[in-house]
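Contents: one structure, followed by commentary.
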Amino acid sequence: MEWAATTFALYGAGAAALATSMVTLGRRLELSQAKHRSLAGHARIARRLAAALPHYEYDEARFFSADGAPAEIVELRRAGFARLSDFYKTRFAETIRRSAEAAVAISDLQFTGTYRVPFQFSRLVRADLPTGALLQASDGVTVTDLDGNRFYDLAGSYGVNVFGYDFYKGAIERGAARVHGLGPVLGAYHPLIIENTELLKDISGLDQVSFHMSGTEAVMQAVRLARYHTRRRYAVRFCGAYHGWWGDVQPGIGNPLPARDTHTLADMSEETLHVLRTRRDIACVLVNPEQALHPNAPAPTDSALVDSTRWSRFDKDAYTQWLKRLREVCTERGIVLIFDEVFVGFRLAPGGAQDYFGVRADLVTYGKTLGGGLPIGVVCGRTGLMKRFRDDRPADICFARGTFNSHPYVMAAMNEFLHALRTPPMQALYENLDDTWNARARRLNERLADEGLPVEIANMSALWVVCYTRPSRYNWMLQYYLRAEGLALSWVGTARLIFSLNYTDADFDAVAERFVVAARAMERDGWWWHSPALTNKSIKRTIIKEMIARRLFAPRQLRAH
Ligand SMILES: Cc1ncc(COP(=O)(O)O)c(C=O)c1O
């Protein structure tokens, strides 16, 4: 009898364990189904593949014929490249010389200098088309290099520059004068912090504010607070979204360790909503509204521009609907919805992405332009989420400090920014903003199409991505033709053009004219040569073959056939 009971109990326990593991397995499966099928959606695999990717580079001959172009086209390219190289080395001589000297001991410059173009082409480009990284002045919508060349600024200081550099110069100068009496005293605050807090509460529609030194730190704190208050472990970020360089929000390439407490799920996906609706361990969902421009794809860079598959299209209605549904699920499940507005905040609308899309978050991070030209990260949130200690558990705290947070000079420049935001001239910049920039993009696209140039602009307001309409291995060359025409891009090249809102029609027309001239020159020099056999697929296949060959036996330098 006792035997039977024991056996029965064991069977019961076994069945229960099996049922539990089936449920766990089911949940795992659902999680996998909610991942985007691209490599960006599979952070671990992407990291592993990246680690296995061999380095190789093209020799001089293959550099110009990687797509199998005929000899006369190769000669055109060679001549165009030599002409451009001479131009760079003469026109930008001092800037290039001093930048090269500086790069010897500045690892950041070595990194950005290396990753401007696909790695197979990088060495020759660096040798013959060196890009200066030093500037001496800014004025209106232009910047000036050490040789005195003025460029239209399309780099936008990583998004900091919303109102034009002259505004930030003034904000810093006036701000510094206002806090000069206190100077760089830290720990205690300058009283300007009180007004900034009130203004930020008003903009965000949230109850409390914390000040940090960068967008990365603001995101760290928002996620930490969400985990602390929900007592749950996982943060969800969407495939491709950038949230700064903290390990937990950068689980893929770029981070030496896997992010074990982050799920990277597909953006705008039913499967993702299902996961959020059914799991109990998700603390927060992080949204970077910039992704509306290219859902599920990382912010592009020209170093990944190996073919013409770069894609971008902004559908405001579809993204708004998605955010609304996300909001509903998060509310239903007690998940903290975080809008990371570090990049797009104050760029799309004075009230930020919350206003622009008409959806409210529980926590919002801001940064970049909010500092009035100085370094900043801010978290705004509901009272219950911002508290960093528990009344009933004195040692259970959510720690976040930072020597330089709430620096008086930053508070003062921020105060200038927040006040300016409310003034009629600045409000006027936002009037019909999307219509203005959509019309500008359309005008340029029409000109490019009329001339048969294989380039197309996609935009979200004044944030632009250059896409390419004809399969090519050389699209990344456009950044060098643009620079030669006096258009300054950041190190990600044509992946991101960031216009400040003070661009007038005349400024823009000048940029558009130069853009077309640059694209024409690139076409004339043969880089966009095309044959029916050259497809994006065939390009990818060639590159994969090269990599396999390199891993198996080839020398570091691949020669022309
Ligand atoms: C959406 C978003 N979040 C966070 C960050 C990180 O900000 P920071 O570079 O100030 O650390 C960035 C920077 O580009 C960003 O675009």
Side-chain angles (χ1 to χ4, degrees), residues 40 108 111-112 115 155-162 168 204 210-226 235-252 254-255 259 262 264 267 284-301 314 319 323 337-349 352-354 356-357 361 363-381 400 402-407 410 413-414 417 460-465 489-492 495-498:
D108 201 41
F111 177 78
T112 53
Y115 286 91
S157 293
Y158 296 125
V160 168
N161 187 15
V162 174
Y168 299 93
S204 65
S210 70
F211 296 95
H212 308 273
M213 290 158 287
S214 66
T216 299
E217 283 189 22
V219 170
M220 283 166 70
Q221 172 62 353
V223 173
R224 182 177 278 199
L225 284 167
V236 164
R237 70 180 269 274
F238 292 121
C239 175
Y242 184 66
H243 295 285
W245 60 280
W246 172 43
D248 274 26
V249 291
Q250 199 199 22
N255 178 0
T262 303
T264 298
D267 214 343
C284 60
V285 173
L286 264 170
V287 174
N288 175 359
E290 180 196 358
Q291 286 303 111
L293 193 50
H294 39 70
N296 287 307
T301 108
F314 174 47
Y319 197 72
L323 291 181
L337 180 61
I338 305 172
F339 277 8
D340 177 3
E341 298 203 24
V342 168
F343 191 33
V344 296
F346 310 105
R347 179 164 283 281
L348 302 174
Q354 289 194 106
Y356 185 75
F357 291 106
L363 292 173
V364 180
T365 56
Y366 300 105
K368 300 207 190 241
T369 193
L370 174 60
L374 294 180
I376 191 64
V378 159
V379 181
C380 294
T403 303
F404 284 104
N405 75 22
S406 314
H407 193 293
V410 178
M414 182 192 294
F417 175 86
M460 176 161 81
S461 210
L463 216 51
W464 289 27
V465 182
L489 310 177
S490 81
W491 67 280
V492 302
R496 194 56 97 236
L497 310 187
I498 304 175

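Ligands are counted one by one from 1 in listed order, and the atoms in each one are counted from 1 as well. Because the structure is a prediction, the values reported are computed rather than measured. We're numbering straight along the sequence, starting at 1.
Between R237 and P251, the closest side-chain pair of non-hydrogen atoms falls below 4.5 Å. Contact check for F346 versus F417: side-chain heavy atoms found under the 4.5 Å cut-off.
Of the protein's non-hydrogen atoms, G215 N, 3.5 Å is the one closest to atom 8 (P) of ligand 1. Looking at atom 16 (O) of ligand 1, its nearest protein heavy atom turns out to be F343 CB, 3.4 Å. Shortest contact from atom 11 (O) of ligand 1 to any protein heavy atom: T216 OG1, 2.6 Å. Nearest non-hydrogen protein atom to atom 13 (C) of ligand 1 is K368 NZ, 3.1 Å.
Contacts of Y242 with ligand 1, taken as heavy-atom pairs under 4.0 Å, involve both backbone and side chain.
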- Any chance you could lay out the side chain to side chain contact (heavy atoms under 4.5 Å, CB included) test for F211 and V410, step after step, and finish with the verdict? CA-CA 10 Å; F211 296 95; V410 178; over 6 Å; no
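Here CG of L286 is found 11.0 Å from CZ of F339. Values are rounded to the nearest 0.5 Å.
No heavy atom of E341 sits closer than 4.0 Å to any atom of ligand 1.
Residue-environment remark: OH (Y115) stays at or below the threshold of 12 foreign heavy atoms within 6.0 Å.
In terms of modelled atom types and a separation under 3.5 Å, the side chain of Y168 and the main chain of V160 share a donor-acceptor contact. Judged purely by atom type and a 3.5 angstrom limit, T216 has no side-chain atom pairing as donor or acceptor with the backbone of W246.
In terms of polar-atom proximity, D340 is counted as a contact of ligand 1, with an N or O under 3.5 Å from an N or O of the ligand.
Which parts of ligand 1 touch N288 is read off a 4.0 Å heavy-atom cut-off, strictly below it: atoms 1 (C). Residue contact check: S214 has heavy atoms under 4.0 Å from atoms 10 (O), 11 (O) of ligand 1.
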